[in-house]
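Here's the structure, in structure tokens; my notes come after.
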Amino acid sequence: DTGVSQNPRHKITKRGQNVTFRCDPISEHNRLYWYRQTLGQGPEFLTYFQNEAQLEKSRLLSDRFSAERPKGSFSTLEIQRTEQGDSAMYLCASSPTGFRLNEQFFGPGTRLTVL
Amino acid sequence: AQSVSQHNHHVILSEAASLELGCNYSYGGTVNLFWYVQYPGQHLQLLLKYFSGDPLVKGIKGFEAEFIKSKFSFNLRKPSVQWSDTAEYFCAVRANQGGKLIFGQGTELSVKP
């Protein structure tokens, strides 16, 4: 396994701009998850996919947030009209199928700073 | 709604001291339980997990955790900590197989050499 990768690792943007993050899961992992982590808190669930189907979205995911996984491989998370409250670490995780379905493997995260 | 509570925000220990980090969850049904660790500058890594069976589970690096269903608890223990255990520790619960994880707020562990 090469691990879950996320790009970019850091993003600084001005309020009102749009940003997009990318996550590449571990090869052949069917499930892909997005979480958000703010300072001093544990990760909070945002959404997850099985292959290309988005199975669940958190209420935290406002209309400004959209996530896609068009071919069931990599995923993108877009935030439109960013606000200062969007500043956080955005984490991606993936999990395999079968008996190891319950293990989630996390990437290094994308740290977003909104000025 | 499910929730996870970690009792200690910051724990400071000397090397060789014993460690116990508390974790309680609220959910009435069957759950899967996890402890993740985040070393400085690194990403979250799975330390150990409980799905079913023996409530005492062993993880990597000498860590273990005990699931006590009647107390809705899943406390993490290690008999003798090392400086390299300095990290942030997160307890997490999942109600549905393969679904989302609900994390606690984390406990920062500092081990003095």
Side-chain angles (χ1 to χ4, degrees), chain A residues 1-7 9-10 23-26 29-51 53-61 67 88-111, chain B residues 1-11 21-25 27 30-53 57 59-60 67 74 76 87-109:
Chain A
D1 289 340
T2 57
V4 177
S5 62
Q6 292 186 246
N7 288 288
R9 295 291 304 277
H10 303 274
C23 171
D24 286 88
I26 295 171
H29 278 195
N30 288 15
R31 293 215 169 178
L32 186 149
Y33 309 79
W34 286 99
Y35 294 85
R36 181 173 67 186
Q37 186 177 17
T38 53
L39 200 61
Q41 299 297 319
E44 295 175 294
F45 170 77
L46 293 178
T47 188
Y48 85 95
F49 295 84
Q50 173 151 318
N51 299 316
Q54 190 171 19
L55 296 188
E56 186 175 352
K57 289 173 59 173
S58 164
R59 294 172 191 173
L60 292 174
L61 218 63
M89 178 75 86
Y90 289 83
L91 300 171
C92 178
S94 68
S95 68
T97 55
F99 74 98
R100 294 184 67 196
L101 176 60
N102 284 309
E103 294 189 36
Q104 291 186 15
F105 298 81
F106 282 81
T110 294
R111 182 170 296 284
Chain B
Q2 303 160 47
S3 66
V4 177
S5 176
Q6 293 183 237
H7 312 304
N8 313 99
H9 292 288
H10 192 189
V11 173
L21 301 182
C23 172
N24 285 87
Y25 67 93
Y27 183 73
T30 302
V31 293
N32 303 138
L33 296 159
F34 306 82
W35 276 96
Y36 279 84
V37 61
Q38 188 166 26
Y39 297 103
Q42 296 187 28
H43 57 273
L44 280 166
Q45 301 171 41
L46 183 65
L47 200 55
L48 51 77
K49 59 186 184 285
Y50 173 79
F51 293 162
S52 63
V57 292
I60 59 172
F67 171 51
F74 190 56
L76 181 71
E88 190 151 20
Y89 293 81
F90 295 94
C91 180
V93 64
R94 172 158 51 203
N96 301 312
Q97 188 181 42
K100 65 188 176 189
L101 291 171
I102 306 297
F103 285 86
Q105 69 269 42
T107 298
E108 185 180 350
L109 172 65

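In the text below, chain A, chain B and the rest are named by the order of the sequence lines, each starting its count at 1.
- Looking only at side-chain heavy atoms (C-beta outward), B:Q38 and A:Q37 come within less than 4.5 Å of each other.
- In this structure, A:L39 places its CG atom where only 12 or fewer heavy-atom neighbours from other residues, nucleotides or ligands lie under 6.0 Å away.
- Among all heavy-atom pairs drawn from A:Q41 and B:F90, the shortest one is O-CE2, 3.9 Å.
- Here the straight-line distance linking atom OH of A:Y33 with atom CG of B:L101 works out to 7.5 Å at 0.5 Å rounding.
- Here the CZ-CG distance, from A:F106 to B:L46, works out to 9.5 Å after rounding to the nearest 0.5 Å.
- Residue A:E44: no heavy atom, backbone or side chain, is found under 4.5 Å from chain B.
- Closest approach of A:E103 and B:R94 over heavy atoms only: N-NH2, 4.1 Å.
- A donor-acceptor contact shorter than 3.5 Å links the side chain of A:Q104 to the backbone of B:G99.
- With a 4.5 Å cut-off on non-hydrogen atoms, A:L55 does not touch chain B at all.
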